[in-house]
Peer 1: 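Take a look at this one; I'll ask things after.
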2 protein chains.
Amino acid sequence: MCYDWVMEKINKFEAQREKIAQATWAVILRDGLENASVRNVAQEANLSVGSLRHYFSTQSDLLIYSMELIQKKTDERIEAMRLFGNGPSTEDILEVLRQFLPLDAERKLEMEVWLSFSSKALADEAIRAKCQELLENSYQRLRTMLELLIFLKEARGDLDIDVEVVRLYGLLEGMSYHCIMLPDKFTPEIINHVLHEHLQTLK
Amino acid sequence: MCYDWVMEKINKFEAQREKIAQATWAVILRDGLENASVRNVAQEANLSVGSLRHYFSTQSDLLIYSMELIQKKTDERIEAMRLFGNGPSTEDILEVLRQFLPLDAERKLEMEVWLSFSSKALADEAIRAKCQELLENSYQRLRTMLELLIFLKEARGDLDIDVEVVRLYGLLEGMSYHCIMLPDKFTPEIINHVLHEHLQTLK
DNA sequence: ACCTTTTTAATACAGTTGTATTATTTTATT
DNA sequence: AATAAAATAATACAACTGTATTAAAAAGGT
């Protein structure tokens with residue numbers, strides 16, 4: 001009873017924070033990160049600056065949270081797919097790998113926002129630390145996927161996994177970047193196809 | 001005589017513009033692109049705002065020029081190597097490919113600045129157009145390098161070059177990004193090694 | 001020496017920024 | 001109904017921003 005109420009309260013607060021973070025995304029995409037001022041974000045979220053301050057006491061808090069939300073959304077998406085329910089399968093692994101490419105509008109949006117944060121990370125210690133943490137997580141996840149591919153005999157057992165994870169992660173990252181920057185040339189279909197061709201070379 | 005004087009005049013003007021652009025780089029790296037205001041750049045270049053305005057009438061002009069300077073520096077570097085003097089050679093090709101990775105401080109610096117501009121390109125039409133133009137140029141250059149590798153029998157003739165150029169370019173771009181963001185994990189040595197391993201798989 | 005051009009600088013303007021403080025409204029509790 | 005807490009809002013402050021205008025200094029030409 002009391003526990004449920006507390007959880008609902010927290011969820012309401014958290015839902016508003018998430019709504020504000022998504023308004024931040026919208027501003028970043030439309031006007032660039034440098035124009036994601038607290039006023040512009042507040043306007044986008046239909047709040048006043050004072051009101052927004054109730055949820056994020058500093059702009060830095062807001063940006064960090066907005067960045068973390070990208071990873072949270074990815075994790076939720078993967079979780080919702082119920083992958084690996086019956087043990088590892090090739091198709092599930094591919095599905096995880098595909099989450100690293102902007103193959104739909106949602107993912108593309110997130111990656112564009114992420115790119116903006118990457119840029120800011122170079123000069124902002126807090127953003128950088130968070131960025132690095134999330135990249136490390138992705139690296140581990142990809143390494144695990146590669147190990148599973150080898151386990152499933154979908155990749156050769158003699159591969160140097162240290163090299164291959166750098167190669168795969170680099171490929172995914174680079175193609176994503178190109179797909180964002182030159183969407184007419186590097187279409188989702190093309191980069192998805194190249195990913196599959198790449199995986200074929202691992203057999 | 002008169003021609004030499006005009007050229008010297010232009011070179012002097014151009015040299016000052018380049019100096020200002022490099023001050024812009026310095027500010028971007030230290031404080032982020034969003035803090036590369038005309039005042040901060042002017043201060044970095046030891047000029048006043050009015051003085052800076054003599055060389056770049058708008059901030060946008062300054063940023064575009066600063067972005068173009070990255071490519072100009074790369075081209076100059078490649079030019080200075082006198083590659084392909086005696087026709088194509090494998091080592092020369094590798095040298096060009098290595099220019100796509102942050103293997104030294106200069107290149108790393110340029111790529112960090114480039115990352116900042118990429119981010120800004122998402123919301124700024126002028127920057128985006130210039131970004132896309134430069135990326136297209138790089139794509140073509142890489143495609144040419146791949147074709148030369150095939151010609152030199154350093155890559156199989158049956159490769160699908162459309163796939164391989166996307167793969168190679170993606171790999172180079174992605175590893176560069178990782179080297180910038182996680183320099184302790186993705187060291188220049190590692191990414192250089194992975195590039196070579198990748199090229200081995202093309203044989 | 002004087003005049004012109006180039007380079008550098010100072011100042012102003014209107015607008016924006018993150019943060020702080022105070023106020024008001026809404027919701028929840030007693 | 002009264003009180004307290006939560007949510008929203010308005011206002012202020014000091015500093016910063018790109019651009020415009022005017023001024024001054026330095027360099028070049030006659």
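Remember, it's a predicted structure, so these values are computed and weren't measured experimentally. Letters go in sequence order (proteins before strands), and every chain restarts at 1. Side chains included, hydrogens not; waters and symmetry mates left out as well; all remaining heavy atoms used.
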Peer 1: Should B:Lys73 and B:Glu18 count as an ion pair when the cut-off is N to O under 4.0 Å?
Peer 2: yes
Peer 1: Using a 4.0 Å heavy-atom cut-off, write out nucleotides 8-13 of chain D from 5' to 3' as B (base contacted by protein), S (sugar-phosphate only) or - (no contact).
Peer 2: BBB-B-
Peer 1: Look only at the side chain of A:His196 and the backbone of A:Asn192, and say whether a donor-acceptor pair between them is shorter than 3.5 Å.
Peer 2: yes
Peer 1: I'd like to check the salt bridge (Lys or Arg N to Asp or Glu O under 4.0 Å) partners of A:Glu91; sequence neighbours left out, ordered by chain and number.
Peer 2: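 In terms of salt bridge (Lys or Arg N to Asp or Glu O under 4.0 Å), with neighbours along the sequence ignored, A:Glu91 is linked to A:Arg98.
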Peer 1: Minimum heavy-atom separation for B:Trp25 and B:Val113, please, with both atom names.
Peer 2: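 Looking at all heavy atoms of both residues, the shortest contact is CD1-CG1, 3.8 Å.
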Peer 1: Going by the rule side-chain hydrogen bond (donor to acceptor under 3.5 Å, both in side chains), which residues pair with A:Glu112 if we only count those two or more places apart in sequence or in a different chain?
Peer 2: A:Lys108
Peer 1: Considering residues at least two apart in sequence or located in another chain, which fulfil the side chain to side chain contact (heavy atoms under 4.5 Å, CB included) criterion with B:Asp104?
Peer 2: B:Glu106, B:Arg107
Peer 1: Give me each pair satisfying ring-ring contact (aromatic ring centres under 6.0 Å, His included) with a member in residues 91-148 of chain A, each pair once, sequence neighbours excluded.
Peer 2: A:Tyr139-B:Phe186
Peer 1: Which residue pairs pass the salt bridge (charged side-chain N to carboxylate O under 4.0 Å, His left out) test when at least one of the two sits in residues 125-140 of chain A, sequence neighbours left out?
Peer 2: A:Glu68-A:Lys130, A:Glu125-A:Arg128, A:Lys130-A:Glu133, A:Glu136-B:Lys185
Peer 1: Taking only heavy atoms on the protein side, list every residue of residues 58-68 of chain B lying under 4.0 Å from any atom of DNA chain C, sorted numerically.
Peer 2: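 Result for residues 58-68 of chain B: none.
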Peer 1: Please name the pair of heavy atoms, one in A:Ser119 and one in B:Leu115, separated by the smallest distance, quoted to 0.1 Å.
Peer 2: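 That would be CB-O, 4.0 Å.
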Peer 1: Go through the structure and list residues passing side-chain hydrogen bond (donor to acceptor under 3.5 Å, both in side chains) with B:Thr24, not counting sequence neighbours.
Peer 2: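 With sequence neighbours excluded, B:Thr24 shows a side-chain hydrogen bond (donor to acceptor under 3.5 Å, both in side chains) to no residue whatsoever.
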Peer 1: Angle between the two end axes of the helix from C:dA1-D:dT30 to C:dT30-D:dA1, five base pairs per end, rounded to 10 degrees?
Peer 2: 0°
Peer 1: Can you measure B:Phe13 atom CZ to C:dT8 atom P for me and round it to whole angstrom units?
Peer 2: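 Distance, rounded to whole Å: 10 Å.
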Peer 1: If you look only at pairs with a residue in residues 49-66 of chain B, which of them pass as a salt bridge (charged side-chain N to carboxylate O under 4.0 Å, His left out), with sequence neighbours excluded?
Peer 2: none
Peer 1: Considering only heavy atoms, which members of residues 19-35 of chain A lie under 4.0 Å from some atom of DNA chain D?
Peer 2: none
Peer 1: Just to verify, what does A:Arg141 make a side-chain hydrogen bond (donor to acceptor under 3.5 Å, both in side chains) with, not counting sequence neighbours?
Peer 2: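 By the side-chain hydrogen bond (donor to acceptor under 3.5 Å, both in side chains) rule, A:Arg141 matches A:Asp75.
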Peer 1: According to a strict under-4.0 Å criterion, is B:Asn40 in side-chain N/O contact with OP1 or OP2 of D:dC16?
Peer 2: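 It does not, given that no N or O in the side chain of B:Asn40 lies less than 4.0 Å from OP1 or OP2 of D:dC16.
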Peer 1: Check whether the ring centres of A:Tyr177 and B:Tyr177 lie less than 6.0 Å apart, and answer yes or no.
Peer 2: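 No - the distance between ring centres of A:Tyr177 and B:Tyr177 does not fall below the 6.0 Å cut-off.
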